[in-house]
Amino acid sequence: MMDAETVHSFAKRRGFYWPSYEIYGGSAGFYDYGPLGSALLHNLMEHWRRLYIIREGMYEIDSPSIGPEDVFKASGHLGEFTDYLTTCQGCKAGHRADHLLEGLEKNPDALEADELWTALKEHGVKCPRCGGELTEPEPFNLMFGTGIGAGKGKKGYLRPETAQAMFVAFSNLSQQARKKLPFGVVQIGKGYRNEISPRQGLLRQREFHMAEAEIFFHPDEKRWEGDEELMRTQLKLVDQNGEDRAMAAGEATDKGIIRGEALAYFMALTQQFLVDVGVDPTRLRFRQHLQDEMAHYAADCWDAEALLSYGWTELVGVADRGSYDLSQHIAHSGEDMGVFIAYPEPRKEHRIRLVPDLKKLGPLYRGKAKMVARAIEDAAPPEGELMVEVDGETIAVPDTCYVKEEGEVVISGERIVPHVIEPSYGLDRVFYTVLEHNLDIGEKGGEEYRVLRLPPDVAPVQVGIFPLMTKPELETVAKEVMTVLRKSGLATTYDGSGSIGRRYARADEVGIPWCVTIDYESLDGKDVTVRDRDTAEQVRIPIAELGEHLCSLLRTRSG
RNA sequence: GCGGGUGUGGUGUAGCCUGGUAUCACAUUAGCUUGCCAAGCUAAUUACUCGGGUUCAAAUCCCGGCACCCGCACCA
């Protein structure tokens, strides 16, 4: 099997990627994409856009990498991403304080620093490795913090995922979708996580590329009208019980293995993308999250995993997140993000409702008055005193603050909070997988011979232009041909150095699918050879038709 | 973050134990040559991870930082 070291040195030698800031000693978890890498990464993104935006008709947005603290309080990242680490004074091993309290406290994950410390002392917890004394837990947050504005300013964080923007701007987006469900919104951008120990090259970076789609559904109608063919895609599934099987996406839905048709659809779409861009389908599977691995709000979650030299590695997570994200932002911001769904027929109902009196509520609750009012509207008529819950606290509301109204009302629909299905791609991982799965190290004439068998539309360069000999008359024509091809939109590189075989070898190694060679017959006959990377076969094509010939090859080969 | 290992041109390496001009190959550039799959000749460019210490002298010995690899922990 290909080993990662080989891929890394290859990547550096041919300019795909290398560690950042090398001349200053480097910094773990950061990588530069070089000329060929940038082009390849860009092609992956373009392919992704073609699938999600053009074919599935989703909307794209582009939002800031930095967000104010409130956003991450609401999203849960501030809490979830903060771990408290305690260190053993003896053996210096670090442990997560909440893990040490597992089984001793009811919900150790939710404890604050001082509570954790108290609990550790109360239970007399010692280092599980050597039995030594533990230090006071220190907070560690996986989000990069920063300040917004001058002076003390406002606390901000670099986003740990791009998804929150789609939830935060939901009202604007649903307006753009003309308030019809379902609709999908995507974003490609960078995410940032201050990993404790980044390892494994591109797979676990501190700054990385993500492509995420949030598809919003009516909770009872999780169906996406897309390409029906996709539901017949064979998927390799490893479910929660570790059962391993291959079946069509549609069948897995019918059998209840995948919980929901839309989830299955987006898993199939995910597979199509990965295979299109060069992930080996025989080394690809979907693994269902275990119950305790899944976020508590998630209804179901499957990771697309690729088999790499590092082992099975998550490339994409496809999750049914329910209404969790929107509900969180509704609760924290007070913004109503519901979508109004009209009934087929308006209904008449006898109703008792509570109408809040804001004039009374205002002076009483000040900043919270609006939220109290909303809670009153939602509350059922009380037996005695009205109790409402606002922002985690229970408030008794005097009966002077609202009036009871009773009567027939016409209800033409209801407001619901949409559910969301989220395919979330780690693009750098896809990138690495495409390299590792397609770098074919074989042999030719007793010598090692490398061919990067990339799909043509993913390859960083599509055409190599070579004069057969380094003679001025050939070089002139070759450069003219190059100009024409570049004008027709093909990524083209010129190489006139060394023997022709050497140039083919150089081109094969970086995955250039077609090489065009200009020889003496090209001067008279006006045609050139086009050589195919994978078969090494050559055909002669008139120069006048070359652009169209290559463009059509590109179209047919990219599916 | 803890423990162990490693760090030499763009890539892969020899040298390190036993301190004294840094080896070789490939790659790259230029010229010649070359009529289709890493041919040849000539020349050129490029390296001891960084900082400190010991020493007349450090790639080599010692200390520290950084990076990478392996294990542990971490990986919403």
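Throughout, a chain's letter reflects where its sequence line sits, starting with A, and its residues are numbered from 1.
- In this structure a side-chain-to-backbone donor-acceptor pair under 3.5 Å is present from A:Gln288 to A:Gln240.
- The base of B:rC74 lies close enough to the side chain of A:Arg204 for a donor and an acceptor atom to sit less than 3.5 Å apart.
- At least one side-chain heavy atom of A:Tyr520 sits under 4.5 Å from a side-chain heavy atom of A:Leu474.
- Between A:Phe16 and A:Phe10, a ring centre-to-centre spacing shorter than 6.0 Å is recorded.
- In the set B:rC36, B:rA38, B:rG71, the nucleotide with an atom closest to the side chain of A:Tyr504 is B:rC36.
- At a threshold of 4.0 angstrom between heavy atoms, the contacts of A:Gln538 include nucleobase atoms, whether or not backbone atoms are also involved.
- Ring centroid separation for the pair A:Tyr504 and A:Phe466 comes in under the 6.0 Å cut-off.
- Ion pairing of A:Arg285 with A:Asp244 is absent here, as no side-chain N (NZ or NE/NH1/NH2) approaches a carboxylate O to less than 4.0 Å.
- Counting non-hydrogen atoms under 4.0 angstrom, A:Tyr24 reaches nothing in the nucleic acid.
- Between the C1' atoms of B:rU60 and B:rG20, the separation comes to 11 Å (whole Å).
- Separating the CG atom of A:Leu468 from the C1' atom of B:rU33 is a distance of 14 Å, rounded to the nearest angstrom.
- Looking at A:Tyr17 and A:His8, their side chains do bring a donor and an acceptor atom within 3.5 Å of each other.
- Comparing the P positions of B:rC63 and B:rA25 gives an interatomic distance of 36 Å, to the nearest angstrom.
- Using P as the reference atom, B:rA73 and B:rG3 are 16 Å apart when rounded to the nearest Å.
- Of the listed nucleotides (B:rC36, B:rG3, B:rC68), B:rC68 has the atom at the smallest distance from the side chain of A:Ala28.
- Atom-to-atom, CG of A:Leu474 to P of B:rC36 comes out at 13 Å; the value is rounded to the nearest Å.
- Protein atom CZ of A:Phe10 is 20 Å distant from nucleotide atom P of B:rC26, rounded to whole Å.
- Residue A:Ala536 is classed as a base contact, given a heavy-atom separation below 4.0 Å to a base.
- Residue A:Asp519 places a side-chain atom within donor-acceptor reach of the base of B:rC36, judged by atom type and a 3.5 Å distance cut-off alone.
- Taking the P atom of each, B:rA14 and B:rC61 are spaced 15 Å apart, rounded to whole Å.
- Comparing the P positions of B:rC32 and B:rC68 gives a spacing of 45 Å, expressed to the nearest Å.
- No side-chain donor-acceptor contact under 3.5 Å links A:Glu436 to the backbone of A:Leu308.
- Salt-bridge formation is not detected for the pair A:Asp495/A:Arg502: no Lys NZ or Arg NE/NH1/NH2 atom is positioned less than 4.0 Å from an Asp or Glu carboxylate oxygen.
- Put simply, NE2 on A:His8 is 11 Å from P on B:rG12, counting in whole angstrom units.
- Straight-line distance from the CD1 atom of A:Ile196 to the P atom of B:rC72: 16 Å, rounded to whole Å.
- The side chain of A:Glu195 lies closest to B:rC75, out of B:rC72, B:rA38, B:rC75.
- Across all strands shown, A:Tyr449 has heavy atoms under 4.0 Å from base atoms, whether or not it also approaches the sugar-phosphate.
- Contact of A:Arg503 with B:rC37 (side chain to base): no donor-acceptor pair of N or O atoms is detected under 3.5 Å.
- Counting non-hydrogen atoms under 4.0 angstrom, A:Thr529 reaches a base of the nucleic acid.
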Task: Dot-bracket notation for RNA chain B, counting Watson-Crick and G-U pairs under 3.5 Å, with | for partners on another strand - done: (((((((..(((.......[...))).(((((.......)))))....(((((..]....))))))))))))....
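- Comparing A:Met210 and A:Gly498 along RNA chain B, the residue whose closest nucleotide (by nearest heavy atom) sits nearer the 5' end is A:Gly498.
- When the C1' atom is compared between B:rG51 and B:rA67, the two are found 15 Å apart, to the nearest whole Å.
- Across the protein-nucleic acid pair, A:Glu22 atom CD and B:rU46 atom C1' stand 15 Å apart, rounded to whole Å.
- With A:Ser20 contributing its side chain and A:Asp32 its backbone, the two residues share a donor-acceptor pair below 3.5 Å.
- Annotation: B:rC69 and B:rU8 have their P atoms spaced 14 Å apart (nearest Å).
- The interatomic distance linking A:Ile512 (CD1) with B:rA38 (P) rounds to 16 Å, in whole Å.
- Taking a 4.0 Å limit (strictly below) on heavy-atom distances, residues 12-21 of chain A reaches RNA chain B at A:Lys12, A:Arg13.
- Base engagement by A:Ser197 is indicated by at least one non-hydrogen atom pair under 4.0 Å involving a base atom.
- When each of A:Tyr310 and A:Ser497 is assigned the nucleotide of RNA chain B with its nearest heavy atom, A:Ser497 is the one assigned upstream, toward the 5' end.
- Here, B:rG15 and B:rG71 have their C1' atoms 30 Å apart, quoted to the whole Å.
- Contact check on A:Arg13 versus A:Glu509 returns a salt bridge, with a Lys/Arg side-chain nitrogen under 4.0 Å from an Asp/Glu carboxylate oxygen.
- With B:rC2, B:rA38, B:rU34 as the candidates, the nucleotide lying closest to the side chain of A:Met469 is B:rU34.
- Out of B:rC68, B:rG12, B:rA39, the shortest distance to the side chain of A:Ser499 is found at B:rA39.
- Counting atom types as modelled, A:Thr470 pairs a side-chain N or O with a base atom of B:rU34 as donor and acceptor under 3.5 Å.
- A salt bridge links A:Arg531 to A:Asp508: at least one charged side-chain nitrogen sits closer than 4.0 Å to a carboxylate oxygen.
- For the pair A:Glu207 and A:Lys190, the salt-bridge criterion is met [side-chain N within less than 4.0 Å of a carboxylate O].
- The separation between A:Arg450 atom CZ and B:rA38 atom C1' is 10 Å, rounded to whole Å.
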